Amino acid sequence: MNDRTAGAAGGRAGVGDRPVRTGADITASTAVRYALVPAPRLSLQTVARRSGLHPDLICRFVALGLVDAERDGAGRLVFDPSAPAVLARIQRLRSGLCLNYASIGLVLDLLDRISLLEAALRGRGTRSETPPWT
C-alpha cells in the first residue's frame with residue numbers, strides 16, 4: 001500500500017484526513033502518512049444528549065471558551081469525545097461553588113496548570129514533605 005492511497009477513503013482524499021507522523025517518517029523521510037480512520041468527533045446533539053444539557057447552553061459554553069469545538073465542512077459544531085466530561089466538570093463547579101461562567105473559566109485554567117505542575121513533579125521523581133492537596 002503506497003502513501004497516496006493510504007489517505008484516500010473511497011476516493012475522497014483530503015476530506016477529514018489528518019496527517020500522522022510516525023517515528024519512521026520523522027527519521028527516514030519527510031513523507032506524511034494519513035490516518036485510515038479519522039478521529040471520532042461528536043455532534044452537538046450527541047454531546048447534549050450525553051451531558052444532559054440543552055444545545056443552546058453548550059453553544060454558549062463554546063462562545064465563552066469553556067469547551068473546545070470545531071466546525072465541520074457544513075459549519076456545524078463538532079466536539080472531542082471528552083466534551084461531555086468537560087461539561088460535567090463545568091456543571092459541578094457551577095453548582096458546588098456557585099461560580100459564574102467567567103469564574104469557571106479561570107478555575108478550569110488554574111486546575112489544568114496545577115495538573116501540569118503535579119505531573120512535572122511526578123516526572124522528575126521529587127517528593128515534597130507535604131502530601132498533595134488533592
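All residue numbers in this chain count up from 1 along the given sequence. These numbers come from a predicted model, not from an experiment.
There is a side-chain donor-acceptor pair under 3.5 Å between Asn100 and Ser103.
Formation of a donor-acceptor pair under 3.5 Å by the Asp80 side chain with backbone atoms of Ser82 is not found in this model.
Linking Ile, Leu, Val, Met, Phe, Trp and Tyr whenever their side-chain heavy atoms come within less than 4.5 Å leaves Val78 and Leu53 in two separate clusters. Residues Leu64 and Leu110 do not share a hydrophobic cluster, clusters being chains of Ile/Leu/Val/Met/Phe/Trp/Tyr side chains in contact below 4.5 Å. No chain of hydrophobic side-chain contacts below 4.5 Å, direct or via other Ile, Leu, Val, Met, Phe, Trp or Tyr residues, connects Leu97 to Leu106.
Residues Arg76 and Leu44 fail the side-chain proximity criterion, which asks for heavy atoms closer than 4.5 Å. Between Leu77 and Val47, every side-chain heavy-atom pair lies at or beyond the 4.5 Å cut-off. Taking 4.5 Å as the limit, every side-chain heavy atom of Leu93 sits out of range of all side-chain heavy atoms of Tyr101.
Salt-bridge check for Asp68 with Arg41: failed, with every basic side-chain N at 4.0 Å or more from each acidic carboxylate O.
Of all heavy-atom pairs spanning Ala48 and Ile58, the tightest one is CA-CD1, 3.5 Å. Here the closest non-hydrogen pair linking Pro81 and Leu42 is CA-CD1, 3.7 Å. Pairing each heavy atom of Arg94 with each of Leu99, the nearest pair is NH1-O, 2.9 Å.
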Subject >> Worked verdict on Val62 versus Phe79 for side-chain contact (heavy atoms from CB on, under 4.5 Å) >> reply: CA-CA 10 Å; Val62 171; Phe79 298 87; 3.6 Å; yes

**OP:** List the steps and the verdict of side-chain contact (heavy atoms from CB on, under 4.5 Å) for Ile90 and Val86.
**Re:** CA-CA 6 Å; Ile90 291 169; Val86 172; 4.2 Å; yes

Subject >> Test side-chain contact (heavy atoms from CB on, under 4.5 Å) applied to Leu66 and Arg60, step by step >> reply: CA-CA 9 Å; Leu66 297 176; Arg60 185 174 302 157; over 6 Å; no

